[in-house]
Amino acid sequence: MTRPFGVKGRKRKHGQPKYDAAEEEHQQPPPKKAVVEEKEEPEPEPEPETASAEEDELSGIPIAPSEKDSNKPNVIFILEKASLEVAKVGKTYQLLNSDDHANFLRKNNKNPGDYRPDITHQSLLSILDSPLNKAGRLRTVYIRTEKGVLIEVKPFVRIPRTFKRFAGVMLELLQKLSISAVGKREKLLRTIKNPVTQYLPVNSRKIGLSYSSEKLVDMDDYVSTISSNVDLVFVVGAMAHGKIETDYTEDYIAISGYPLSAAYCITRITGALERKWKIL
């Protein structure tokens with residue numbers, strides 16, 4: 001009985017290498033994995049395309065106006081008290097906003113609700129996307145920040161659609177003082193010297209918007225009473241709350257009995273002017 005048991009034991013010992021060899025055969029795939037990894041390495045190449053697309057978006061693409069008659073009256077927008085402030089958060093400089101920097105602002109005894117650069121972003125999109133601008137009747141947009149920095153925005157600049165990329169553009173602008181188009185010397189956005197009145201046409205009519213104004217008007221009726229040969233300047237507050245007080249406005253009006261966002265106020269203004277000037 002001892003010998004058969006031993007024999008069986010030997011068979012198991014002799015059979016073990018065969019089992020191990022079979023395992024080795026099944027463990028051959030590692031070289032194939034290496035081949036797959038080599039094939040996957042070239043895939044990151046599309047990154048330069050994304051970068052170039054971002055550069056195009058940041059630089060802006062001019063929109064050719066359909067009308068270039070300089071004799072026709074134009075409109076200028078001034079966005080007052082815009083919240084565009086840069087600060088060093090951690091190791092990098094960032095454009096402060098209430099969503100991403102609430103804790104940082106509270107630590108520095110500042111109210112996060114006052115830091116709303118998204119209002120400026122929405123207002124610019126409302127102005128630049130309007131048929132009024134595409135018809136060539138927008139002369140310029142000026143932005144004056146809460147800190148008193150004056151920024152000039154050309155009417156044919158293409159502002160980034162997303163806030164994150166807009167914040168990157170504003171950060172670059174406030175650090176470098178200007179942003180030019182790719183391959184061109186023309187500055188699409190730049191900081192300029194105060195006061196803003198030195199850049200306004202002599203015969204322009206300067207109108208401020210304020211919800212607290214006692215002069216409530218229908219925008220269509222209001223612009224219809226203005227002479228057709230006068231350039232119009234509309235001053236709109238780009239802050240979360242409060243009112244604008246400037247010494248260069250000739251008239252203060254309210255265009256609704258309800259408080260409206262800056263972007264919607266601009267939509268009402270551009271719509272009324274488009275109807276007045278027959279822009280479809």
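Along the sequence shown, residues carry numbers from 1.
- Here the straight-line distance linking atom CG of L232 with atom NZ of K206 works out to 10.5 Å at 0.5 Å rounding.
- Taking every heavy atom of both residues into account, K110 and E85 meet most closely at NZ-OE2, 3.3 Å.
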Q. Are L280 and E274 close enough, and set up right, to give a side chain to side chain contact (heavy atoms under 4.5 Å, CB included), and what steps lead you there?
A. CA-CA 7 Å; L280 300 177; E274 287 157 8; over 6 Å; no
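- Linking Ile, Leu, Val, Met, Phe, Trp and Tyr residues whenever their side-chain heavy atoms come within less than 4.5 Å places V75 and I143 in a single cluster.
- In plain terms, the two heavy atoms of Y211 and S256 that are nearest each other are CD1-O, 4.1 Å.
- Judged by distance alone, with hydrogens and angles left aside, the side-chain atoms of S83 form a donor-acceptor pair with the main-chain N or O of R116 at under 3.5 Å.
- Linking Ile, Leu, Val, Met, Phe, Trp and Tyr whenever their side-chain heavy atoms come within less than 4.5 Å puts L188 and L138 in one cluster.
- Ring orientation note: the planes of F163 and H121 are tilted relative to one another, at an angle of 30° to 60°.
- Taken from CD1 in I207 to OG in S213, the straight-line distance is 12.0 Å, to the nearest 0.5 Å.
- Annotation for P131 and I279: closest pair O-CG2, 3.8 Å, computed over non-hydrogen atoms.
- Taking Ile, Leu, Val, Met, Phe, Trp and Tyr as hydrophobic and joining them when side-chain heavy atoms fall under 4.5 Å apart, one finds L177 isolated, its cluster having no other members.
- In this structure, the side chain of S123 engages the main chain of I119 through a donor-acceptor pair within 3.5 Å.
- Clustering ILVMFWY residues whenever any of their side-chain heavy atoms sit less than 4.5 angstrom apart, transitively, puts I179 in the very cluster that holds I151.
- R205 places no side-chain N or O within 3.5 Å of a backbone atom of V230 that could act as its donor or acceptor partner.
- Of all non-hydrogen atoms in P155 and N133, the two that sit nearest each other are O-ND2, 3.1 Å.
- Residues I76, I78, Y142, L150, I192, V196, Y199, L200, V233, V235, M239, Y248, Y252 make up the rest of the hydrophobic cluster containing I244, defined by ILVMFWY side-chain heavy atoms closer than 4.5 Å, directly or through other members.
- Qualifying side chain to side chain contact (heavy atoms under 4.5 Å, CB included) partners for N203, counting only residues two or more places apart in sequence or in other chains: P201, D231.
- Residue E214 places its CD atom among 12 or fewer non-hydrogen atoms of other residues, nucleotides or ligands, all under 6.0 Å distant.
- When all heavy atoms of P112 and L105 are compared, the closest pair comes out as CA-CD1, 3.7 Å.
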Q: Could you check M219 against L273 for side chain to side chain contact (heavy atoms under 4.5 Å, CB included), going step by step and ending with a plain yes or no?
A: CA-CA 9 Å; M219 204 61 213; L273 291 176; over 6 Å; no
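- Side-chain contact between R275 and V223 is absent, with no heavy atoms from C-beta onward closer than 4.5 Å.
- Taking CD1 of I253 as the reference point, atom CG of D218 lies at 10.0 Å (rounded to 0.5 Å).
- Here CD1 of I159 is found 5.0 Å from CG of L189. Values are rounded to the nearest 0.5 Å.
- In summary, of the residues considered (K134, R161, R158), a salt bridge (charged side-chain N to carboxylate O under 4.0 Å, His left out) with D129 occurs for R161 alone.
- Atom CG of residue L132 and atom CD1 of residue I269 lie 10.5 Å apart, to the nearest 0.5 angstrom.
- In terms of modelled atom types and a separation under 3.5 Å, the side chain of K154 and the main chain of R190 share no donor-acceptor contact.
- More than 12 heavy atoms of other residues, nucleotides or ligands shown are found within 6.0 angstrom of NZ on K276.
- Residues P73 and R137 form a side-chain contact, since some pair of their non-hydrogen atoms from C-beta on lies under 4.5 Å apart.
- Atom OG1 of T267 sits about 10.5 Å away from atom CD of Q122, to the nearest 0.5 Å.
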Q: In sequence, state the C-alpha distance, the side-chain angles, and the governing distance for V169 and E172, and then conclude on side chain to side chain contact (heavy atoms under 4.5 Å, CB included).
A: CA-CA 5 Å; V169 170; E172 181 181 353; 5.6 Å; no
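- Both F166 and L125 are members of a single hydrophobic cluster when ILVMFWY side chains are connected at heavy-atom separations under 4.5 Å.
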Q) Checking side chain to side chain contact (heavy atoms under 4.5 Å, CB included) for the pair L174/Y93: CA distance, chi angles, key distance, verdict? A) CA-CA 11 Å; L174 293 172; Y93 286 93; over 6 Å; no
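- L173 and F77 fall within the same hydrophobic cluster, defined by Ile, Leu, Val, Met, Phe, Trp and Tyr side-chain heavy atoms under 4.5 Å apart, directly or through other members.
- When all heavy atoms of L95 and H101 are compared, the pair lying nearest together is O-CE1, 3.2 Å.
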